[in-house]
Amino acid sequence: MKLATWNVNSLKVRLPQVLEWLSIAEPDFVGLQELKLDQDKFPLDAIQAAGYQAVWLGQKTYNGVAILSKIPAQDVVLNIPGDDDPQKRLIAATFDTPLGPFRFVNVYCPNGQSLDSEKYPYKLAWFDRLTKWLSDELKTYSNLAIVGDYNIAPADEDVHDPKRWKDQVLVSEPEREAFRRLLGLGLTDSFRQFDQPEKSFSWWDYRLNAYKRNAGLRIDHVLLSKPLADRCHGCVVDRAPRENEQPSDHAPVVATITV
DNA sequence: ATGTCAGTCAACGACTGA
């Protein structure tokens, strides 16, 4: 069973690349972020023609998240329950799998902009609400994965140049604490379950030839509850789509679970 | 400080967010 996350930075622009990647990678469950399209603009026909079902939460211009799957989604949740946040950043669904009910949560966490921006406390507060809600979810669902663009590089090894990035947004200690609090619920960063190449990243700025210089960050993650982490036998960044013409600035991350 | 995308608005070049 393959679980994936990919920030596509406009599904409208990236749709051909998403369809191509689905046919090559054949993931079973995919979380997409930054759709940047309104709810009624989702390209459902093309996704279905590629053999996938979809549930999504669209927003014009900004944010927007979707789950693509080979099997139907149940008990769909849109945004953090009880949240009046107009920003569309979370979608969750349950799937019937050979392992039993499988809860798949897909998040586009706030960027934060900079430490002195009002978007920075918004980001930290958003993580607080996410963590609170997720602790309840984990009581209900033993098989839970939460994937997405967290906009946090958890450790210096996830940063191409830790000195330059020290105390910057995406890397700052309060953000890393928020990420550790998530893990503290009993989740595992599946990428770090395995030996990985040094300087493994999932996002590279469009500017300054960052991809060619591998000047990136690892900010896209697949977190797994204990029963799933025990069955996980691989997690990789798939850099191939980042080499496309007109790529997203993020690459997909794919974890493989034995069923 | 900078640079590069994508989207909007409104009218093709500004702006915002990442």
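Only this structure's heavy atoms are used, side chains among them; waters, hydrogens and symmetry mates stay out. Within every chain, numbering begins at 1; the chains are lettered A, B, ... in the order of the sequence lines, protein sequences first and strands thereafter.
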Under 4.0 angstrom, heavy atoms only, what part of the nucleic acid is A:Tyr108 near: base, sugar-phosphate, or nothing? sugar-phosphate
Check whether any side-chain nitrogen or oxygen of [X] sits under 4.0 Å from OP1 or OP2 of [N], and answer yes or no.
X        : N      : result
A:Lys119 : B:dG17 : yes
A:Lys60  : B:dG17 : no
A:Arg14  : B:dA6  : yes
A:Gln246 : B:dA6  : yes

Taking A:Asp156 first and then A:Lys166, would you say they form a salt bridge - that is, a charged N and a carboxylate O separated by under 4.0 Å? no
Report the nucleotide, chosen from [options], that has the shortest atom-to-atom distance to any side-chain atom of [X].
X        : options               : result
A:Tyr206 : B:dC5, B:dG3, B:dG7   : B:dC5
A:Asn111 : B:dG3, B:dG7, B:dA18  : B:dA18
A:Tyr62  : B:dA18, B:dG17, B:dG7 : B:dG17

Span that lies between the [atom1] atom of [M] and that of [N], in whole angstrom:
N      : M      : atom1 : value
B:dA14 : B:dA10 : C1'   : 10 Å
B:dA6  : B:dC12 : C1'   : 16 Å
B:dT8  : B:dT2  : P     : 27 Å
B:dG3  : B:dG7  : P     : 22 Å

In whole angstroms, how far is the P atom of B:dA18 from the CD atom of A:Glu34? 7 Å
How many Å lie between CH2 on A:Trp203 and P on B:dG17, as a whole number? 17 Å
Using heavy-atom distances to pick each residue's nearest nucleotide on DNA chain B, tell me which of A:Lys12 and A:Asp205 is more 5'. A:Asp205
Could you go through the side-chain hydrogen bond (donor to acceptor under 3.5 Å, both in side chains) check for A:Trp204 and A:His160 one step at a time? CA-CA 10 Å; A:Trp204 301 262; A:His160 71 95; over 6 Å; no
Are A:Gln196 and A:Arg192 close enough that some pair of their side-chain heavy atoms sits under 4.5 Å apart? yes
Please test A:Thr131 against A:Leu185 for side-chain contact (heavy atoms from CB on, under 4.5 Å), starting from the C-alpha separation and ending with a verdict. CA-CA 8 Å; A:Thr131 303; A:Leu185 298 176; 3.9 Å; yes
